[in-house]
Structure formats: structure tokens, C-alpha cells
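Protein chains get the first letters and strands the later ones, always in sequence-line order, with residue 1 at the start of each.
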Amino acid sequence: MPRRYWLMKCEPAAYTIEQLARDGTCGWEGVRNYQARNFMRDDMQVGDGVLFYASNADPSGVTGLAEIARAGYPDPFAWKKGHKYFDAASTPDKPIWYTVDLKYVATFPGIVPLEQLKETPGLDQMMVVRKGSRLSVQPVTKAEYDIVVKLGKRAKPAA
DNA sequence: GCCAACGTTGGC
DNA sequence: GCCAACGTTGGC
């Protein structure tokens, strides 16, 4: 099974690549979208590469790299009454929502802004550059992943 | 904070 | 099963 590649969005207010660097690993709980759920539950494998994307940021863009440390498993937060991720329809017997664990890989020296992704040849098919693309877990091709990694290594630190 | 785009819900 | 209303996402 060849390694796959993903882009995962998170608002900096919730979690950042710097926090992941400190924590080493993290759970990606709280995804409540069926398409994203399906990717996590059905397709993600340990070792898959992840572009860590900061959404609703200034600017938004890819801030670093991670990899899948644990493949899809039921999101335990869906069972925590009172928690904001609680969903009464999801039970341990019949879980609805799934999550994965990420492992820290690298922090780019600077962000790769969405604007740069949009103007980079070879990335025009990426979901994230499409208008109105709200999906928080997206597949990317190896070619796209490699290009973004190259951009990331050359990214300039914020002034 | 605005608002366009999108997903989900619920009445019928 | 349609579709209007509503809620959320996320760039700007």
C-alpha cells in the first residue's frame, strides 16, 4: 500500500504546528463532516504524510508537516456529555465520528500562504485553492505534497 | 465583522 | 425526495 498524502486544516485558535511540535502527537478529534470522516475512517494509514494547514489565520496557509500516527478510530469526544463535540447519536456500539492521531514531523521556517499555493504551477488542482472549499480533511497527490514541502523549506519567517 | 459557499435539517 | 431555511466555514 503506497503512502498517501493529506491536507488537514485547523484554526490557530484551536491548535497549531508549534503546539504539535511540543506535544509530539495529537488527536484530531472534533471533525463533524461525513466526507472528512470517511477519509479518516477508511483511507488514512499509519505513516501517511500530512500538510498541516492553518485556516482562518493571518495569512492562512501550510505551516508544517505531520504524519498519521494512528489510523481511524471512533472519536471518543462524541460520547462526552456536555462537551462541544458531543453527539448523542454516536454510541460506542455504533460510532458515527472517527478521528486519527498525528505525529509531528516538521515546522516550516515560515508559512506557505494560500495565495502562494494558488499561484504555484502544479497546485491548481488542489482542493484547498478552489473557491469555497470548506472540507477540513483533503487528499493531496504526492506531486502536490512534494511541491508544498519544497515551498515550505524555502518559506521566509514572518517579519 | 462581513458574506459567499457549502452542508445539514426538516416541513411538506 | 424536494427545497427553503438555517448553521458553519473560512477568505478577505
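- Rounded to whole Å, atom C1' of B/dG7 lies 15 Å from atom CG of A/Asp87.
- Spacing between atom CG of A/Leu117 and atom P of C/dC12 amounts to 11 Å, rounded to whole angstrom units.
- Between the NZ atom of A/Lys84 and the C1' atom of C/dG7 there is a distance of 15 Å, rounded to whole Å.
- Every residue two or more places apart in sequence or in another chain was checked for a side chain to side chain donor-acceptor pair (under 3.5 Å) with A/Lys153, and none qualifies.
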Please tabulate the protein-to-nucleotide N/O contacts below 3.5 Å involving nucleotides 2-6 of chain B, giving atom names and distances.
{"residue": "B/dA5", "atom": "OP1", "partner": "A/Lys131", "partner atom": "NZ", "Å": "3.3"}
{"residue": "B/dA5", "atom": "N3", "partner": "A/Arg134", "partner atom": "NH1", "Å": "3.1"}
{"residue": "B/dC6", "atom": "N1", "partner": "A/Arg134", "partner atom": "NH1", "Å": "3.4"}
{"residue": "B/dC6", "atom": "O2", "partner": "A/Arg134", "partner atom": "NH1", "Å": "2.0"}
{"residue": "B/dC6", "atom": "O2", "partner": "A/Arg134", "partner atom": "NH2", "Å": "3.3"}

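- In this structure, A/Glu115 atom CD and C/dC12 atom P are separated by 7 Å, rounded to whole Å.
- Classified by interplanar angle (parallel below 30°, tilted 30° to 60°, perpendicular above 60°), the ring pair A/Tyr145/A/Tyr5 is tilted.
- Rounded to whole Å, atom C1' of C/dT9 lies 11 Å from atom OH of A/Tyr53.
- Relative orientation of the A/Trp97 and A/Tyr34 rings is tilted, given thresholds of 30° and 60° on the angle between their planes.
- Rounded to whole Å, atom C1' of C/dG7 lies 15 Å from atom OH of A/Tyr34.
- B/dG7 atom C1' lies 11 Å from atom CH2 of A/Trp97, rounded to whole Å.
- Considering A/Thr63, A/Leu65, A/Leu151 as possible partners of A/Phe108, the one that fulfils the side chain to side chain contact (heavy atoms under 4.5 Å, CB included) test is A/Leu65.
- Contact between the side-chain N/O atoms of A/Ser60 and the OP1/OP2 oxygens of C/dG11 is found at a separation under 4.0 Å.
- With rounding to whole Å, A/Glu11 atom CD is found 13 Å from C/dT8 atom P.
- Taking the six-membered ring for Trp and thresholds of 30 and 60 degrees, A/Phe52 and A/Tyr15 have ring planes inclined between 30 and 60 degrees apart.
- Screening residues 127-142 of chain A for salt bridge (charged side-chain N to carboxylate O under 4.0 Å, His left out) gives A/Lys142-A/Asp146 as the qualifying pairs, with residues at least two apart or on separate chains.
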